[in-house]
Amino acid sequence: MIDADVNLLGMPRGDLERLFVGIGEKPFRARQLMQWIYARGVLDPQRMTDLGQSLRQELAVRAPIRLPEITAVQESADGTVKWRLAAGETQAIETVFIPEPGRGTLCVSSQVGCAMDCSFCATGHQGFNRNLSAAEIVGQVLLARRELGDAGGRSPITNVVFMGMGEPLANFRAVVQACSVLVDDLACKLSRRRVTVSTSGLVPQIRRLAEESRVALAVSLHASDDELRNELVPINRRHPIAELLEACWEYVAATNTKEITFEYVMLDGVNDSPAQARRLAGLLGGRPAKVNLIPFNPFPAGRYRRSRPEVVDEFRRILSAAGIVTVTRRTRGDDIAAACGQLAGQVENRVRVPLGSKLQEVSWTV
Ligand code: SAH
Ligand code: SF4
């Protein structure tokens, strides 16, 4: 009999096969189920006609598949869509779809809030409540696909990035499971290059990710020296820049990915000087690295300002001159607070300790 708390959504193929074998079914039932869920968008087991009556019944009763519930939708003037999704009774997470010519990127959340406490981030300011399950992560993709409709039989979502609420590598197990479903040919069928995990720099988990998943990696660097990075991204006190970059280059070698994307939020007068650009060029020049400069997106209670456009251009010019491919990310959806770092959802903070000691208190699942 299937355990009552099992969630078939977001379950990797191998786990599903073991589950079916465990209840006396053939492993190919996993394929059939995945095709219903992901290719045909059918979630009701009673409609999965090739499964056999008693199996359908058991699935319907013991393991019903539910997508997260949408509690609000906002659409930006630029076409960006933000959904607020219930994460339990009183909390909410956010998922954002960003349409661009020739591609559509879905930005998914991995946690309710975030414990990493980066000083420039709205999610970090809200604190942390809990990890999302693989079902809640993959559910965001299915739900967005359903809401957006198919574009001529093809999913409008070509890329998935873990850049919504939360630190994905602090929710390692569920994120790896979700990634395996996203790239599975029987499920979401995305190429591993089109699934990006963005991390603030959890070094041991970067190493494990290389072993367990080979998706694209983005690293939120934001500073070129430890003193400043300690202040902006507190996890740097545990894993300083040199150690983080070492893990990045190992990741590229171990996974045969082309490069790491380094994200750098441009904060006026804080990390945007030409000297800082040159130091960054020194760290990344000649390495498999590209840089995304992100104009800071303000949020209530934020204490920073966005760098001036000419300052961002000069920063980019210095990096480009050092041979580093550098793009300035266009701000999308900021009129509906859907831009990078503006996602806040509804979080009941469970981390009530002062900044700094917070990092010691929270234990992440690895
Ligand atoms: N926790 C992960 C992924 C989610 S944040 C991480 O930090 O990488 C996604 C990106 O948005 C990160 O690069 C993050 O540093 C950036 N970001 C956070 N707050 C921001 C803000 N207010 N303005 C612009 N970018 C921000
Ligand atoms: Fe968390 Fe990323 Fe925000 Fe830092 S930037 S607080 S890691 S969501």
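Order of appearance sets the numbers: ligands from 1, and atoms from 1 within every ligand. Position 1 is the first residue of the sequence; numbering continues from there.
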Trainee: Does a side-chain heavy-atom distance below 4.5 Å link V73 with R84?
Mentor: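 When only atoms from C-beta onward are counted, R84 and V73 do not touch, as no gap falls below 4.5 Å.
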
Trainee: Are any non-hydrogen side-chain atoms of R306 and P298 less than 4.5 angstrom apart?
Mentor: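 The answer is yes; the side chains approach within 4.5 Å.
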
Trainee: Which option wins on minimum heavy-atom distance to atom 6 (C) of ligand 1: G166, P168, S220?
Mentor: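 That would be S220.
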
Trainee: Among all protein heavy atoms in this structure, tell me which lies nearest to atom 4 (Fe) of ligand 2, with the distance rounded to 0.1 Å.
Mentor: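 Result for atom 4 (Fe) of ligand 2: C118 SG, 2.4 Å.
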
Trainee: For atom 10 (C) of ligand 1, which candidate among E263, E167, R306 holds the nearest heavy atom?
Mentor: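 The residue whose heavy atom sits nearest atom 10 (C) of ligand 1 is E263.
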
Trainee: Run the numbers for me: atoms of ligand 1, each under 4.0 Å from some heavy atom of C121, listed by number.
Mentor: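 Listed by number with element, the hits are 18 (C), 19 (N).
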
Trainee: Could you tell me if the ring centre of H222 sits under 6.0 Å from that of F120?
Mentor: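 When the ring centroids of H222 and F120 are compared, they turn out to be within the sub-6.0 Å range.
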
Trainee: Going by the atom numbers of ligand 2, which of them fall below 4.0 Å from some non-hydrogen atom of D117?
Mentor: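 Going through ligand 2 atom by atom, the ones under 4.0 Å from D117 are 6 (S).
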
Trainee: Which atoms of ligand 2 sit under 4.0 Å from any heavy atom of S200?
Mentor: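 Numbered from 1, ligand 2 contributes 7 (S).
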
Trainee: Can an N or O of P295 be found at a distance shorter than 3.5 Å from an N or O of ligand 1?
Mentor: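 N/O-N/O distance under 3.5 Å: no.
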
Trainee: Taking atom types as modelled, is there a side-chain donor on N230 or R237 under 3.5 Å from an acceptor on the other?
Mentor: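 The criterion, which ignores hydrogens and geometry beyond distance, is not satisfied for R237 and N230.
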
Trainee: Looking at atom 1 (Fe) of ligand 2, what's its closest protein heavy atom, distance included?
Mentor: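 Minimum-distance protein heavy atom for atom 1 (Fe) of ligand 2 reads C114 SG, 2.3 Å.
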
Trainee: Testing E58, Q32, Q46 one by one against L51 for a side chain to side chain contact (heavy atoms under 4.5 Å, CB included), which residue passes?
Mentor: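 Going through E58, Q32, Q46 one by one, the side chain to side chain contact (heavy atoms under 4.5 Å, CB included) with L51 is satisfied by Q32 alone.
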
Trainee: Under a 4.0 Å heavy-atom limit, does T199 contact ligand 1 with its side chain, its backbone, both, or neither?
Mentor: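 It is the backbone that gets close, since no side chain atom is under 4.0 Å.
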
Trainee: Can a non-hydrogen atom of F162 be found less than 4.0 Å from any atom of ligand 1?
Mentor: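 Distance cut 4.0 Å: F162 passes for ligand 1.
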
Trainee: Among G124, A170, S109, G166, which one has a heavy atom closest to atom 8 (S) of ligand 2?
Mentor: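 The option holding the nearest heavy atom is G166.
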
Trainee: Quick one about S224 and R279 (side-chain donor to acceptor, distance below 3.5 Å, no hydrogens or angles considered), yes or no?
Mentor: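 On atom types as modelled, these side chains qualify, holding a pair under 3.5 Å.
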
Trainee: By number and element, which atoms of ligand 1 are closer than 4.0 Å to a non-hydrogen atom of V265?
Mentor: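 Heavy-atom distances to V265 below 4.0 Å select 23 (N), 24 (C), 25 (N).
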
Trainee: If you count heavy atoms of other groups shown closer than 6.0 angstrom to CD of E227, is the number above 12?
Mentor: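 Not more than 12 within 6.0 Å, no.
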
Trainee: Between F262 and N292, is there a side-chain heavy-atom distance shorter than 4.5 Å?
Mentor: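 Counting from C-beta outward, N292 and F262 never come under 4.5 Å.
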
Trainee: Is C121 close enough to atom 3 (Fe) of ligand 2 to have an N, O or S atom under 2.8 Å?
Mentor: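 Given the 2.8 Å cut-off, C121 counts as a ligand of atom 3 (Fe) of ligand 2.
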
Trainee: As an exercise, identify every atom of ligand 1 less than 4.0 angstrom from a heavy atom of N297.
Mentor: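 Counting from 1, the qualifying ligand atoms are 21 (C), 22 (N), 23 (N), 24 (C).
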
Trainee: Give the atoms of ligand 1, by number and element, whose distance to some non-hydrogen atom of G164 is under 4.0 Å.
Mentor: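 This gives 4 (C) as the contact atoms.
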
Trainee: With atoms numbered from 1 as shown, which atoms in ligand 1 lie under 4.0 angstrom from a non-hydrogen atom of H222?
Mentor: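 Contacts of ligand 1 toward H222, numbered from 1: 13 (O), 14 (C), 15 (O).
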
Trainee: Is the closest side-chain donor-acceptor distance between S273 and Q276 under 3.5 Å?
Mentor: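 A donor-acceptor contact under 3.5 Å links the two side chains.
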
Trainee: Measuring only between side-chain heavy atoms, which start at C-beta, is N271 closer than 4.5 Å to L232?
Mentor: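 Touching, per the 4.5 Å side-chain cut-off.
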
